[in-house]
Amino acid sequence: MSFQDVRAAAQRVAGHIRPVALAPLEEGALGAARGWLALEFLQHTGSFKARGAFTFLRGHAEAGTLPEAGVVIASGGNAGLACAWAAARHAVPAAVFVPETAPAVKVARLRGLGAEVHQVGTEYADALDASRTYAARTGALASHAYDHPLIAAGAGTLMEEIHELLPDLDTVVVSVGGGGLFTGVAVSALEHGVRVVAVEPERCRALNAALEADEVVDVPVDSVAADSLGARRASATALDWARADGVRSVLVSDEAIVAVRQALWDDRRLAVEHAAATALAAVTSGVYVPRPGERIAVVLCGANTDPGDLVRGAAR
C-alpha cells in the first residue's frame with residue numbers, strides 16, 4: 001500500500017463522506033503542547049469506517065467486480081454499519097456477521113440500515129469464519145473490517161483532511177484494533193512528516209504484540225474496548241507500517257479508557273465509544289507525553305455506544 005492509494009481513495013470518497021471537524025483542547029490540557037480533537041465520530045454511521053467501506057465498494061464497482069449478491073462482512077459492529085451504509089449507496093444488499101457480544105445499539109442500527117444480520121460466536125474471529133462460509137455459498141463479495149488495501153486507503157483520507165486543516169501538525173494519536181485506521185493514517189501522516197502514536201488497550205494489543213514478536217501473532221481479547229478494538233491479530237500491512245521511523249506503539253489500561261470516556265461526556269458532552277477514548281487516554285494517562293510546543297491531533301474515531309452508563313456515571 002502506498003500514498004498514491006490514499007490519494008486515489010480521496011478522489012473516490014469526495015462528496016460522499018463528511019469532512020472531519022476539529023475541536024481544540026483547552027490550554028494546559030497537554031502541558032506546554034497544543035492539541036486538537038479530530039471529531040471523526042461525526043462521520044456517516046458514527047465512525048471512520050464509512051471512508052473505507054465506500055472506497056472498497058466504489059473500487060469494485062469501477063472495476064465491474066461488485067456482484068448482484070452484494071457484499072458480506074464480519075465486524076465488531078462499526079465496519080458492518082459502514083458496509084451496510086455503503087452497500088445501500090451502491091444499490092446492493094449487505095450481510096453482516098457480528099459476535100453475539102456486539103452491543104445491542106450496533107445490531108439495531110445495522111438492521112435499521114437494511115443489513116441482513118447474523119450473530120455468531122463471542123469474538124470477531126468467529127464472525128469472520130462464518131462470513132467466509134457465507135461468501136463461498138452465495139457468491140457475495142467478501143469485505144473485511146480492516147485488512148484490505150482499499151479499506152485502509154479509505155481510512156487514510158481522514159489524515160489527508162487533518163493535514164489540510166493543520167499543515168504544521170507534529171503528531172497524530174490514533175487507536176488501533178486490527179490496524180486499518182492506523183495503516184491508512186500512517187501512510188498519509190508519514191508522507192507529510194507527521195509522527196504517529198498507535199494506542200491499544202493493554203488487553204487488546206494485536207499490533208503491539210506483533211511488533212514485540214516481529215511477526216503477526218494471535219493475542220487474547222479482553223478489554224472494555226473489545227467491541228471495536230478486539231481483533232485477535234493485526235494485519236501484516238499494519239505491522240509493516242508500525243516498523244517505520246516516526247511510529248510509536250503504546251498501551252493504556254481499561255481504567256484510563258473508561259475515565260477518559262466519562263470525562264469527554266462530563267466536560268464536553270461528547271458520547272464516544274471506548275475505542276475513541278483509547279487514543280486520548282494515551283495522553284491523559286501520561287503514557288504518551290508531548291514535548292513542549294508539540295502540535296498534536298487525537299482521533300476520536302467512533303461513537304456507536306449506549307450513553308446510558310455515561311449519564312449514570314455523571315450522576316454519581
Side-chain angles (χ1 to χ4, degrees), residues 1 3 6 10 19-41 48 51 152-153 155-177 179-202 205 207-208 210-211 225 229 234 237-253 256-257 260-261 263-264 268 270 272 275-302:
M1 183 177 162
F3 179 62
V6 176
V20 69
L22 299 178
L25 284 166
E26 291 84 355
E27 186 174 348
L30 298 176
R34 295 181 61 198
W36 294 265
L37 298 175
L39 309 182
E40 182 61 4
F41 62 86
F48 75 94
R51 296 173 181 270
T157 63
L158 168 61
M159 185 62 217
E160 286 295 284
E161 293 175 11
I162 293 173
H163 174 69
E164 184 174 348
L165 294 169
L166 300 171
D168 295 327
L169 188 69
D170 296 307
T171 306
V172 61
V173 183
V174 62
S175 58
V176 182
L181 176 61
F182 161 75
T183 298
V185 166
V187 170
S188 171
L190 297 177
E191 176 73 18
H192 298 300
V194 178
R195 294 181 292 273
V196 183
V197 179
V199 191
E200 295 171 278
E202 291 173 346
R205 53 183 292 263
L207 183 61
N208 183 267
L211 283 166
L229 304 183
T237 306
L239 175 58
D240 286 344
W241 282 94
R243 292 179 176 128
D245 291 339
V247 176
R248 178 176 172 184
S249 169
V250 302
L251 302 175
V252 294
S253 69
I257 294 168
V260 165
R261 180 171 174 266
L264 283 167
R268 291 176 177 261
L270 298 181
V272 303
T278 297
L280 185 56
V283 179
T284 60
S285 68
V287 169
Y288 179 75
V289 179
R291 302 181 312 278
E294 185 174 352
R295 292 155 299 197
I296 180 173
V298 180
V299 176
L300 300 184
C301 58

Ignoring hydrogens and geometry, is there a side-chain-to-backbone donor-acceptor pair from E40 to L158 under 3.5 Å?
no
In terms of relative ring orientation, are H192 and H163 parallel, tilted or perpendicular, with 30° and 60° separating the classes?
parallel
Contact summary for [X] and [Y], nearest pair of heavy atoms:
X	Y	result
A281	V260	CA-CG2, 3.6 Å
A275	S175	O-OG, 3.1 Å
L211	S249	CD1-CB, 3.6 Å
P201	L229	CD-CD1, 3.7 Å
P167	E164	CD-O, 3.8 Å
E200	N208	OE1-N, 2.8 Å

Would you mind reporting whether [Y] and [X] have side-chain heavy atoms less than 4.5 Å apart?
X	Y	answer
T278	V252	yes
W241	V196	no
F48	V20	no
V194	L166	no
V199	V287	no

Rounded to the nearest 0.5 Å, what separation is found between the [atom1] atom of [X] and the [atom2] atom of [Y]?
X	Y	atom1	atom2	answer
L22	L37	CG	CG	9.0 Å
L264	T284	CG	OG1	8.5 Å
L25	L280	CG	CG	6.5 Å

Could you tell me whether E161 and R51 have a side-chain N and a carboxylate O separated by less than 4.0 Å?
yes
For a quick test of your reading: what N or O donor-acceptor pairs under 3.5 Å do the side chains of residues 295-302 make, sequence neighbours left out?
| residue | atom | partner | partner atom | Å |
| --- | --- | --- | --- | --- |
| R295 | NE | D168 | O | 2.9 |
| R295 | NE | D170 | OD2 | 3.1 |
| R295 | NH2 | D168 | O | 3.1 |
| R295 | NH2 | D170 | OD1 | 3.2 |

Of the options L169, V6, L190, which is the one that meets M159 in a side chain to side chain contact (heavy atoms under 4.5 Å, CB included)?
L169
Worked verdict on L165 versus W36 for side chain to side chain contact (heavy atoms under 4.5 Å, CB included)
CA-CA 11 Å; L165 294 169; W36 294 265; over 6 Å; no
